[in-house]
*Asks:* 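Below you'll find the structure I mean.
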Amino acid sequence: MPEYDDDLRLALELADAADTATMQRFRALDLKVETKPDMTPVSEADKAAEEVVRAGIEAARPDDAVLGEEYGLEGSGPRRWVVDPIDGTKNYVRGVPVWATLISLMEEGSDGVFRPVVGVVSAPALGRRWWAAQGGGAYAGGALGGAPVPLGVSKVAALGDASFAYSSLSGWEEQGRLAGFLDLTRQCWRTRGYGDFWPYMMVAEGSLDLCAEPELNLWDMAAIAVVVQEAGGRFTSLDGAEGVHGGNAAASNGLLHEEMLGYLRPRA
């Protein structure tokens with residue numbers, strides 16, 4: 001049995017519970033929405049989804065720590081679950097179906113760095129779910145069931161043939177990366193601003209070749225990184241640091257990664 005099968009099974013069960021909580025309030029006319037100190041929205045559904053996931057982890061893995069976007073870090077130790085109850089809250093509160101619950105298990109290495117080993121991305125309003133565990137490959141299927149489909153990144157090896165996705169134009173300029181970002185878009189065959197989790201899942205599926213964002217939190221990245229990597233892709237910071245601790249992200253099929261990073265490094 002692969003090492004993380006039981007943890008992946010639990011993560012999928014937690015995603016089922018979160019999907020129920022989020023879909024119950026999606027497009028509700030009386031949905032309660034607040035503004036957090038960082039001026040981003042949080043809905044009652046964000047809180048409910050994180051609460052149900054935390055309760056499930058507490059029941060099944062009481063010794064594990066949990067880090068969630070809405071309620072912070074609870075517990076300690078070498079195993080840490082990371083939860084983004086609704087990635088794409090701005091879409092959620094406007095009735096746009098592109099949002100997902102992200103659940104990841106991270107383990108502490110001998111170097112003291114936590115790395116994701118299990119990831120589930122569940123987008124019930126799209127009827128899609130993606131999941132992966134270290135060493136076990138990446139898969140996709142219907143959010144409520146269906147036969148799993150193995151994922152694999154594309155074989156596109158030239159920027160002129162590549163499809164590149166990003167979140168939005170904000171953030172690139174203040175980091176001194178806007179000029180390179182625009183140059184990259186001019187080199188690629190196609191560009192689209194899908195935003196949030198979705199373009200990373202399309203990189204894992206092979207329908208996109210490149211994706212990058214200038215500003216992300218750990219809970220935005222942990223689950224999606226596992227899926228991309230287990231599908232054969234590469235996931236780094238914009239400066240090329242492997243993993244999910246750089247505060248931003250670049251994902252690719254691997255063949256175009258260094259070329260993409262060359263465009264996205266800061267310019268004076």
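Just so you know, these numbers use all the heavy atoms, side chains as well, and skip hydrogens, waters and symmetry mates.
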*Asks:* What orientation do Trp172 and Phe181 show, parallel under 30°, tilted 30 to 60°, or perpendicular over 60°?
*Replies:* parallel
*Asks:* For Asp16 and Arg129, run salt bridge (charged side-chain N to carboxylate O under 4.0 Å, His left out): C-alpha distance rounded to whole Å, both residues' side-chain angles, the deciding distance at 0.1 Å, then the answer.
*Replies:* CA-CA 10 Å; Asp16 288 341; Arg129 180 177 288 179; 3.0 Å; yes
*Asks:* Is it true that Val66 and Met106 fall in one hydrophobic cluster, defined by side-chain heavy atoms closer than 4.5 Å?
*Replies:*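 No, Val66 does not connect to Met106 through the hydrophobic network.
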*Asks:* Does the side chain of Glu213 come under 3.5 Å of the side chain of Tyr200 through a donor N or O and an acceptor N or O?
*Replies:* yes
*Asks:* Under a 4.0 Å N-O cut-off, is there an ion pair linking Glu258 with Arg234?
*Replies:*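 Yes, Glu258 and Arg234 are salt-bridged.
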*Asks:* Go through Asn91 and Trp99 one step at a time and tell me if the side chain to side chain donor-acceptor pair (under 3.5 Å) criterion holds.
*Replies:* CA-CA 7 Å; Asn91 282 345; Trp99 50 270; over 6 Å; no
*Asks:* I need the Arg80 CZ to Glu74 CD distance, nearest 0.5 Å.
*Replies:*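 Between atom CZ of Arg80 and atom CD of Glu74 there are 12.5 Å.
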*Asks:* What do you reckon, is CD of Glu173 surrounded by more than 12 foreign heavy atoms closer than 6.0 Å?
*Replies:* no
*Asks:* Consider only side-chain N and O atoms of Asp64 and Trp81, and report whether a donor and an acceptor are under 3.5 Å apart.
*Replies:*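 The answer is yes; a qualifying pair exists.
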*Asks:* Using the rule that two of Ile, Leu, Val, Met, Phe, Trp, Tyr join whenever any of their side-chain heavy atoms come within less than 4.5 Å, decide whether Tyr194 and Ile86 are in one cluster.
*Replies:*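 Each belongs to a different hydrophobic cluster.
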*Asks:* Using a distance-only test with no angle check, is there a side-chain donor-acceptor pair under 3.5 angstrom linking Asn253 and Ser154?
*Replies:*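 Short answer, yes.
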*Asks:* What pair of heavy atoms forms the shortest contact from Pro116 to Val244, and how long is it?
*Replies:* CD-CG2, 4.0 Å
*Asks:* Could you check whether Glu230 and Tyr139, counting side-chain N and O atoms only, form a donor-acceptor pair closer than 3.5 Å?
*Replies:*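 Result is no, nothing qualifies.
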